[in-house]
Structures are given as C-alpha cells and as structure tokens.
Amino acid sequence: MTDQNVPHHIAIVMDGNGRWANKRFLPRIAGHKQGVDSLKRCAKACDKRGVRVLTVFAFSSENWRRPSEEVSGLMDLFAFALSREVPQLKADGVQLRFIGERQGLSARVLKGIEQAEAETSSNSRLVLNVCFNYGGRWDIVQAAAKLAEQGILATEQSMRQAMALAHVPDPDLVIRTGGELRISNFLLWQSAYSEFEFTNTLWPDFDEAALDAAIASYAGRERRFGQTSDQVQFAIPCVSAD
Ligand code: FPP
C-alpha cells in the first residue's frame, strides 16, 4: 500500500552550492563536492521514506556559460563521483538514469554514464534520474522532433511517451533549494501539476529534517488537477470534455 502523504516522485533543483562554499571562503567546486554528499544523503532518506523516484538537476544546458574552470571542475567531479559511488548505489538497489543531451559530453563522462546505467539497470528500489546537460525546452523539442521523424501526430499522450522521463510518472513534488523562486528550465512539461516547495536552505545543508519539512508541506496540500475542492474531497469522477 502506498502512503498518499509521501510523494512517489520528488524532483530537486539543487541550488546554493556556490554560496555554501563562498560563505566558508572555499572555491566553488568545494560546494559542488559537498553537493554530491548531500545528494547521497537525500537519496538514502528518500528511499527510507518510500519515495520511489528522485530526479535531480545536476547540470543544465545553460551551465556551459559558467567560467570554464567551474565547468571542467563539474565535469571532473561528475566523472569521479560516478566511478566512486556506482558500486554502493548498485548495492542499495538504485537505478541510475541520465537525462539530457549526450552530444557535446566528453568521452570520459559518456563512458561513466553508460557504465552506470548498464550496471544499475536491473535495480528497481529507487530510480535516480540525473538531469545532466538537460533543459526542459530541449526535452520538449527533442520529443517533438522524434515524433515528426516517425510521422506520429503530436498529442499529449504521444509527447509524453517521447519525452526523456517517459519511464517514470510526473513529479509529485518539485523542491528548489537556495532561495531562488524560479524553475530555470527544469521539467517544464512534467511539472504541470507538481506541487512546489522553495527553501532558503543551501543544497549542501539540505538534510533529512529539511526533506521531512518539504514532505510535510506536500502532505498538507490538496491536489485538485483542475477539479474543485468538493470534487476531490468527495471523489466525484472527472467529466471528460468529449
Ligand atoms: C547549483 O548551485 C548547482 C549546480 C549547478 C551543480 C549541482 C551538482 C551537484 C550537486 C553534483 C552532482 C553530481 C552528481 C554525480 C550527480 P550553484 O553553483 O548555482 O550555487 P549558487 O547559486 O550558490 O552559486
């Protein structure tokens, strides 16, 4: 039985690594390193609470515009973190999926991604989608292009199946850490009916208590999906327009 108070799918914009490092007079990459540890802790905590899908924004299509030393530092960290963490993630039953444009990634990063996906593909305890070189607009455009190429009419259903996150249901809860109140090209299609939670906590400081606070806030929401509150409370079925 599933607990309706716990989101099946949580998606996170892991913002605030740079500020976490700046506050400690450390280089920004130290914040990103701490961010990897925070992600590990968060994945474990999600699993413990019954969350079955975790999707994180690790590198956006727009992050290439950062200073070149930060971009190369993030690429190195990503490749290193994959080689170091995959055996444990595999043992913990985590299925890793990488979502985003693969063209333009280095051979080393690509190899890490492909190995991690292959090694964890039969796991099903927690799906961890890592959005890397990802943008919500890119996803919509690649889905539309795929359908056009196959001569398939674009409908909500066919688009859904062509999108990069077709293997999981849409996120129930989207969390953004770091105090900014924007979506920054994350899951534009999939977050249509997600609940949002914004926190000032910087990503490296996002601990189990912060996750619990976000889940508690989610549990207090009424999800109406376009219906009225009465319809939802008394479970009156939707009337289709056609
Ligand atoms: C945003 O903080 C964070 C990022 C652009 C990178 C997030 C990446 C990780 C946590 C590492 C992920 C690694 C793996 C292996 C999945 P920011 O730099 O924008 O922080 P700021 O707003 O304080 O400057």
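All ligand and atom numbering here is 1-based and tracks the order in the structure. For the single chain, residues carry numbers from 1 onward in sequence order.
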Asks: Could you go through the salt bridge (charged side-chain N to carboxylate O under 4.0 Å, His left out) check for Arg221 and Glu197 one step at a time?
Replies: CA-CA 11 Å; Arg221 314 271 180 94; Glu197 184 68 15; 2.6 Å; yes
Asks: Looking at ligand 1, is there an atom of it that comes within less than 4.0 Å of some heavy atom belonging to Asp15?
Replies: yes
Asks: Going by heavy atoms, is Arg28 under 4.0 Å from ligand 1?
Replies: yes
Asks: Backbone or side chain, does any N or O of Asn63 fall under 3.5 Å from an N or O of ligand 1?
Replies: no
Asks: Against heavy atoms of Phe78, which atoms of ligand 1 measure under 4.0 Å?
Replies: 14 (C), 15 (C)
Asks: Mark up the atoms of ligand 1 that fall under 4.0 Å of a heavy atom belonging to Val36, in ascending order.
Replies: 11 (C), 13 (C)
Asks: Should we count CZ of Arg160 as having more than 12 external heavy atoms under 6.0 Å?
Replies: yes
Asks: Which ligand 1 atoms does Arg19 reach within 4.0 Å, using its non-hydrogen atoms?
Replies: 21 (P), 22 (O), 23 (O)
Asks: If you apply the rule salt bridge (charged side-chain N to carboxylate O under 4.0 Å, His left out), what do you find for Asp92 with Arg125, and how did you get there?
Replies: CA-CA 8 Å; Asp92 290 344; Arg125 201 176 160 83; over 6 Å; no
Asks: For ligand 1, which atoms, with element, lie under 4.0 Å from some heavy atom of Met14?
Replies: 1 (C), 2 (O), 3 (C), 9 (C), 10 (C)
Asks: Side-chain contact test, heavy atoms from C-beta onward, threshold under 4.5 Å: evaluate it for Leu165 versus Val53 and give yes or no.
Replies: no
Asks: Does Arg66, backbone or side chain, put an N or O under 3.5 Å from an N or O of ligand 1?
Replies: yes
Asks: Taking distance alone, with no angle check, do Leu39 and ligand 1 share an N/O pair under 3.5 Å?
Replies: no
Asks: Are any of the side-chain nitrogens in Lys40 or Asp37 under 4.0 Å away from the carboxylate oxygens of its partner?
Replies: yes
Asks: In terms of residue, atom name and distance, what is the protein heavy atom nearest to atom 12 (C) of ligand 1?
Replies: Ala58 CB, 4.0 Å
Asks: So, regarding Trp20 and ligand 1 (criterion: nitrogen or oxygen to nitrogen or oxygen, under 3.5 Å), is there a contact or not?
Replies: no
Asks: Kindly indicate whether the side chain of Met163, heavy atoms from C-beta on, has any atom under 4.5 Å from the side chain of Asp170.
Replies: no
Asks: Mind checking whether Arg182 and Arg176 have side chains closer than 4.5 Å, heavy atoms only?
Replies: yes
